[in-house]
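Below is one structure, written out as structure tokens; the observations come after it.
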Number of protein chains: 2
Amino acid sequence: MSILGKLSFKDQAFKLREDAILDATTRILAGKGFDLMTMDDVALEVGISKPSLYKHFKSKEDLVGEAMIRLIDGAQAFIDALSAEQGPRDKLSALLEWALRVRLAGGLPFLPSTSSHVREMLTRNLRYVTRVLKLNSALEKLVERGKKAGELRADLPTDVILYSYYARTCDPSVEYLKLYSKMNDDEIVAAMLAVAFSGIAARQADVRRQADGAG
Amino acid sequence: MSILGKLSFKDQAFKLREDAILDATTRILAGKGFDLMTMDDVALEVGISKPSLYKHFKSKEDLVGEAMIRLIDGAQAFIDALSAEQGPRDKLSALLEWALRVRLAGGLPFLPSTSSHVREMLTRNLRYVTRVLKLNSALEKLVERGKKAGELRADLPTDVILYSYYARTCDPSVEYLKLYSKMNDDEIVAAMLAVAFSGIAARQADVRRQADGAG
DNA sequence: GTCTATATCGAGATAGAC
DNA sequence: GTCTATCTCGATATAGAC
């Protein structure tokens, strides 16, 4: 009787601890990245020992994969919850804003932008890949609908818009502005959105640039 | 006599080897980044042994610092060589194009975008910091002149434009387009420049977005 | 399931011969 | 100055006690 109760309580605690581990992992990953994050860091931050950590996640790759999956799930949930009345551009803007605010609150960027190591690792994680493909497919449709609606530039390939959009979710400018400017989070988000959609050039200046550089 | 000749020849070879080491370091850094690059990798790629490598550069940090310094020097030389008649926007565009082409040819991005480890390391390298500050100062002046000339958006803080500009030099979109699109290097460069200066939104759509998201 | 203590291995850096 | 062989240390992962 009390044994059964105790067991289910322990299961509950187990699940809660798993979330705590993922929270810690997310914070540390955001702070120093995959290569510099050690399992000791995570164990220490959670307040458990390293072997206990390995009872929950069988490897560092597995642990990081789960953290990334939770992030993608959050993005998918956010996009699913958007009103059907919003246009493609507004939806993309809202999701980008969400991603930037997650990062400013100490979260992770969508993409492991640079490290080819991390990219390969995640590529081997089928559960992660499945989710990313689904999200990517939804965003690709949004971009194409946006182009047709005249909200996004039709002169650019969809790939270019889509990858540029992803790149903004992990844009290092955010950290630099946070560190070296006096702007608050709202101002940083507004500026990043403005640059992502409208660029840094003044609007009246017509773009007649042509590739003819110093190769 | 022949001894002196032999010595100076050896010195010359020494210098040439140092350049070869920096070339290899640059390639490997571009490929797998700082944390995954090993000194064995570099020694193997150059065709020398690890202790010989340490005769040229006293540590991994020193080696990478020199590679980054060479890159910054290249950028500074490029910007110094630009015609005095070009406007700020054209100069910024030309330099960004140069940086993107360097990367597409297997070179390094300007900024160690993500890794806080690399950033701290370089911050401790006075020779590197000096050069970066000089280049940054030149670019900041260009941005401010561009704003006054009506070529760059005056509604954005200079910091925002400058950091966004830097971010484009290390934008991961470049790798993704290289990997997954059928575009050639010229097309990729043109697209990146177009997005950097004009954004992804269609031009007629006026930006009336306001920060009001899902925090 | 949780811990202390340890195996193992990769990588930065060096000793010492030639 | 170049090499082979080695030191050292830190990090992933696990053995074994409780």
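Numbered from 1 within each chain, the chains take letters A, B, ... in sequence-line order.
Considering only side-chain N and O atoms, A:Arg17 lies under 4.0 angstrom from the phosphate OP1 or OP2 of C:dT2. Between A:Ser52 and C:dC3 there is a side-chain N or O to OP1 or OP2 distance below 4.0 Å.
Atom C1' of nucleotide D:dA11 and atom CG of A:Leu44 are separated by 15 Å, given to the nearest angstrom. Rounded to whole angstrom, the span from the CG atom of A:Leu36 across to the P atom of D:dC9 amounts to 19 Å. Atom P of nucleotide C:dT2 and atom CD of A:Glu18 are separated by 11 Å, given to the nearest angstrom. Note: CD1 (B:Ile48) to C1' (D:dC3) measures 11 Å, nearest angstrom. Rounded to whole angstrom, the span from the NZ atom of A:Lys58 across to the C1' atom of D:dA13 amounts to 13 Å. Residue A:Met39 contributes atom CE, which lies 13 Å from atom P of D:dA11 at whole-angstrom precision. B:Asp41 places its CG atom 8 Å from the P atom of C:dG12, with the value rounded to the nearest Å. In this structure, NZ of B:Lys50 is placed 10 Å from C1' of D:dT6, rounded to the nearest angstrom.
With distances taken from any side-chain atom of B:Pro51 to the nucleotides C:dT14, C:dT4, D:dA13, the minimum falls on C:dT14. Residue B:Ser49 has its side chain nearest to D:dC3 when only C:dT14, D:dG1, D:dC3 are considered.
B:Lys55 comes within 4.0 angstrom of a base, heavy atoms only. If you check every strand for non-hydrogen atoms under 4.0 Å, B:Thr38 touches sugar and phosphate atoms only.
The side-chain heavy atoms of A:Glu66 and A:Ile69, taken from C-beta on, include a pair separated by under 4.5 Å. Inter-residue side-chain proximity for B:Phe34 and A:Asp35 is flagged as unmet; no heavy-atom pair is nearer than 4.5 Å.
B:Glu175 has a carboxylate O that lies under 4.0 Å from a charged side-chain N of B:Arg103, or vice versa, which qualifies the two as a salt bridge.
Using the six-membered ring where Trp is involved, A:Tyr180 and B:Tyr163 have ring planes that are tilted, between 30° and 60° apart.
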**OP:** Run the numbers on A:Arg70 and A:Asp23 for salt bridge (Lys or Arg N to Asp or Glu O under 4.0 Å), then give the verdict.
**Re:** CA-CA 10 Å; A:Arg70 213 176 49 155; A:Asp23 288 342; 2.9 Å; yes
